[in-house]
Amino acid sequence: MLPLTLNKARRVVVCTGMAFALLGLAACSDGPDAQSLGPVGLNGAARQAGLQVGVALNVSAVAETASEQRRSAVREFTSVTAENAMKWASLAPAPGRYEFGPADQLVNAALANGQRVRGHTLFWHRLNGLPGWLEAELGQASDRAGRLRELMANHIDTVVGRYAGQVAQWDVINEPLSIVGADLDTDNVFSQLLGEQYIDLALLHAHAADPSAELYINETFTEFVPTKFDALLALAQRVLDRGAPLHGLGLQGHFFFQPPDAGLLQEQLQRIAAMGLKVEITELDIPLPLFNAEPDPLAAQAGAYADVFNACLAVPLCSGITVWGLDDANTWLDSFELTQASAPNRPLLFDDQLRAKPAYDSVVAALLGVMR
Ligand code: G3I
């Protein structure tokens, strides 16, 4: 990847934010010695900064048919999340029947690359997160709540048990709150049948299945809905007060309504850390059309990426950032109903030819600008 030596001196010039993206050097400072760094890519910069930098992948990215260029882009990251392969619907085509092929392939490839694995996600009630058979299965049960509890326990034992010691973090619960509101989502079979305690049950069981895994609640749109963010913290506090093993909160970071507000984001990350919880930005994407009015949209996007990384790097308990896709040709935003009209959304670090974008450079620069 790009050497980060921006001048001919023996010291690397480290720049942050928009200034770097625009190659204005005003916000640049002397960094570590150039000889000790050499050309540093994303992976090296992430490891140096002590931050996990992850990518969400579908199995095609690691399949034998994937090009060497794609595989080497995958190796730029220190952490991998299965974009879809570990969802309940993907793993279990029928009650009690599991197909682990794609999930195993992703986990094995990541471990072979020395990458961390985030497990995504055990329980998610939206889109195609739930298996199609679940409703009929519960419909046949005389005790629907009891049957759901049993199915959840079996799912956790089977999946968390299988990947015990391999999956470092699980998004145990995904999106428990209503989409932009401050309440628990009521359009959710888990909360309907088991109440808020479905979260505790899942956390307790997952902890028993793999005591070494860090357990997360992962939420969306909190970054620009402050009441929802407050509700997430209140929920997390209730879960902790009831004694359930919650270790972290994931903020998804789908910034398709507006660019990140760096100050607000850092404050949110700090508030989570102040509760003694870890925090990760778990599904980051920042669409390019947000910056269409800017003179250089790619540079503005790079600045927004740097803002997010700098916010996380400023908070020691912010342990990772995962981008939601490897390259601009593989983004869910181009087929999602709210964002497909603005396709191509080009929201990621690599373009559709797998070339590193200015956002890639600004992220590397942000990582090299800190020692944690
Ligand atoms: O696998 C089928 C394939 O057999 C079929 O031919 C094709 C036809 O549409 O669909 C394929 O399934 C798609 C699946 O992704 C795998 O590619 C689904 O239609 C599609 O809806 C699904 O979208 C995923 C979505 O979650 C729903 O599960 C996106 O790729 C994925 O990026 C998105 O990720 C979620 C996170 O898990 C949670 N947070 C929000 C985020 C964005 O919605």
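Keep in mind the model is a prediction, meaning the values are calculated, not measured. The residues of the chain are indexed from 1 along the displayed sequence. Counting starts at 1 for both ligands and their atoms, following the listed order. Keep in mind that the numbers below use all heavy atoms, side chains included, and drop hydrogens, waters and symmetry copies.
Distance check for atom 19 (O) of ligand 1: every protein heavy atom is found at 4.0 Å or beyond. Distances from atom 3 (C) of ligand 1 to the protein include no heavy-atom value under 4.0 Å. Closer than 4.0 Å to atom 39 (N) of ligand 1 lies at least one heavy atom of the protein. For atom 34 (O) of ligand 1, a protein heavy-atom neighbour is found at a distance under 4.0 Å. Under the 4.0 angstrom criterion, atom 7 (C) of ligand 1 counts as lacking any protein heavy-atom contact. Distances from atom 10 (O) of ligand 1 to the protein include no heavy-atom value under 4.0 Å.
No donor-acceptor contact under 3.5 angstrom links the side chains of Thr81 and Arg118, judged on distance only. Residues Asp157 and His205 have side chains that bring a donor and an acceptor to within less than 3.5 angstrom of each other. Defined by atom type and a distance below 3.5 Å, a donor-acceptor pair is missing between the side-chain atoms of Asn58 and Asn330. Between the side chains of Asp230 and Thr227, no donor-acceptor pair is found at a separation under 3.5 Å. Side-chain contact, Asn218 with Glu283: a donor N or O sits under 3.5 Å from an acceptor N or O. Side-chain contact annotation: Gln169 with Lys278, donor-acceptor N/O pair under 3.5 Å absent. With no hydrogens or angles considered, no side-chain donor-acceptor pair links Gln166 and Asp210 at under 3.5 Å. Side chains of Ser79 and Gln52: no donor on one and acceptor on the other come within 3.5 Å. Between the side chains of Asp351 and Gln353, not a single donor N or O lies within less than 3.5 Å of an accepting N or O.
Note: Asp334 CG to Asp352 CG = 10.0 Å, rounded to the nearest 0.5 Å.
Closest to atom 41 (C) of ligand 1, if we only count protein heavy atoms, is Glu283 OE1, 3.4 Å. Looking from atom 32 (O) of ligand 1 to the surrounding protein, the closest heavy atom is Glu83 OE2, 2.5 Å. When hydrogens are left out, the protein atom nearest atom 36 (C) of ligand 1 is His120 NE2, 3.3 Å; that is the closest non-hydrogen contact. Atom 43 (O) of ligand 1 has Trp332 CZ3, 3.3 Å as its closest protein atom, hydrogens excluded (heavy atom only).
Of all the heavy atoms of Trp124, the ones lying under 4.0 Å from any atom of ligand 1 belong exclusively to the side chain.
Ligand 1 has Asn128 within reach: a non-hydrogen atom of the residue lies less than 4.0 Å from it. The closest approach between Phe336 and ligand 1 stays at or above 4.0 Å for every heavy atom of the residue. Ligand 1 has His254 within reach: a non-hydrogen atom of the residue lies less than 4.0 Å from it.
Cation-pi contact between Arg355 and Phe350: absent, since separation from the ring centre below 6.0 Å together with deviation from the ring axis within 45° is not met.
Aromatic rings of Trp88 and Phe123 (six-membered ring for Trp) have centroids within the 6.0 Å cut-off, being under it.
Those atoms of ligand 1 that come under 4.0 Å of a heavy atom in Asn174, given as number and element, are 38 (C). With ligand atoms numbered from 1 in the order given, ligand 1 contributes 39 (N), 40 (C) to contacts under 4.0 Å with heavy atoms of Gln252. Interface atoms of ligand 1 facing Glu175, defined by a heavy-atom separation under 4.0 Å, are 38 (C), 39 (N), 40 (C).
Ligand 1 has an N or O atom lying under 3.5 Å from an N or O atom of Lys87, backbone or side chain.
Of all the listed residues (Leu127, Asp285, Asn84), Asn84 holds the heavy atom that lies closest to atom 23 (O) of ligand 1.
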